[in-house]
Structure formats: C-alpha cells, structure tokens
Amino acid sequence: MIYELAAPAELAAEIGKNMRLARVSRCLRQEDLAKLSEASLQAIKNLENGGNVELVTFLRVAGALGMTSAIVKSCQPSPTSLDEIERIEAARSDIRRARVRP
C-alpha cells in the first residue's frame with residue numbers, strides 16, 4: 001500500500017490490523033489490552049477494525065503496546081530542502097516563545 005495515496009479509512013484499517021498483530025504477538029487478549037491501556041473493550045475492537053476512536057485512546061493503546069516512540073517519530077516532519085528546515089526551526093522557536101496565562 002502506498003500510504004500517501006491511501007484514504008483515511010484504508011489507513012485506519014491498516015493501523016488497526018498492525019495494532020492487532022502487535023497485541024497478538026504479546027499474547028494479549030483484547031480484554032487484557034483494554035485493562036492495560038485503560039480503554040474500553042469496545043474501543044479496542046473499534047481500533048482493531050479500523051473504526052473511529054479518540055486520539056487519546058489510540059495513544060493509550062499504542063503506549064500499552066510499546067509503540068509510542070514509533071508514532072512520535074513518524075509524525076516528525078522530514079524536510080526535503082533548506083527552506084523547509086528553516087521554516088520548521090522558525091516554527092519550533094515560535095512554540096518555545098508561546099506562553100500560557102492562567
């Protein structure tokens with residue numbers, strides 16, 4: 001599958017399949033993963049079937065399966081030019097300067 005050309009539903013199905021494989025490789029039942037991740041059993045089933053789940057639930061399940069680092073790494077920008085690198089660095093410095101007031 002060429003992920004850049006895949007529809008969101010196709011990506012969700014692929015991610016769900018991979019999360020199911022990760023669960024099975026760790027000899028976990030869906031119930032076990034639900035308990036470990038503090039997610040509902042229905043959320044685990046939805047995720048593995050490519051259905052809708054909240055991002056926080058997805059991240060909890062990914063954490064329970066030891067996939068957090070791979071997810072964060074895959075979400076990092078991969079610049080292909082010096083201009084893109086400069087824009088990314090400028091955006092990072094803008095984020096550091098942002099202050100949240102109580």
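Rounding to the nearest 0.5 angstrom, the gap separating the CG atom in Leu5 from the CD atom in Glu10 is 9.5 Å. Note: Arg20 CZ to Asn18 CG = 11.0 Å, rounded to the nearest 0.5 Å. With rounding to the nearest 0.5 Å, the separation of CG in Leu41 from CZ in Arg29 is 9.5 Å. Atoms CG and NZ, on Leu47 and Lys45 in that order, are 13.5 Å from each other to the nearest 0.5 Å. Here Ser78 contributes atom OG and Lys73 contributes atom NZ; the two are 11.0 Å apart, rounded to the nearest 0.5 Å. The distance from atom OG of Ser40 to atom CD of Glu31, rounded to the nearest 0.5 Å, is 11.5 Å.
Met19 has its side chain within reach of Phe58: a pair of non-hydrogen atoms, C-beta onward, lies under 4.5 Å apart. Here the side chains of Leu28 and Leu36 are in contact, with some heavy-atom distance below 4.5 Å. Taking the side chain as every heavy atom from C-beta outward, Val61 and Leu33 approach each other to under 4.5 Å. Asn46 has its side chain out of reach of Asn52: every pair of non-hydrogen atoms, C-beta onward, lies at least 4.5 Å apart. Using a 4.5 Å heavy-atom cutoff, the side chains of Ser37 and Ile44 are in contact.
Residue-environment remark: CD (Glu38) stays at or below the threshold of 12 foreign heavy atoms within 6.0 Å. Residue Glu84 qualifies as enclosed at atom CD: its count of foreign heavy atoms under 6.0 Å is above 12.
Contact check on Lys35 versus Asp32 returns no salt bridge, with no Lys/Arg side-chain nitrogen under 4.0 Å from an Asp/Glu carboxylate oxygen. Here Lys17 does not pair with Glu48 in a salt bridge; the nearest charged N to carboxylate O distance is not below 4.0 Å.
Cluster membership check: Leu55 shares its hydrophobic cluster with Leu65, using side-chain heavy-atom separations under 4.5 Å among Ile, Leu, Val, Met, Phe, Trp and Tyr.
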Go through it in stages, so that I can follow the logic: the residues are Tyr3 and Glu14, the test is side-chain contact (heavy atoms from CB on, under 4.5 Å), and I'd like the CA-CA distance, side-chain angles, deciding distance and then a yes or no.
CA-CA 10 Å; Tyr3 297 120; Glu14 185 72 14; 3.6 Å; yes
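Glu89 and Ser93 form no side-chain donor-acceptor contact under 3.5 Å, judged by distance and modelled atom types alone.
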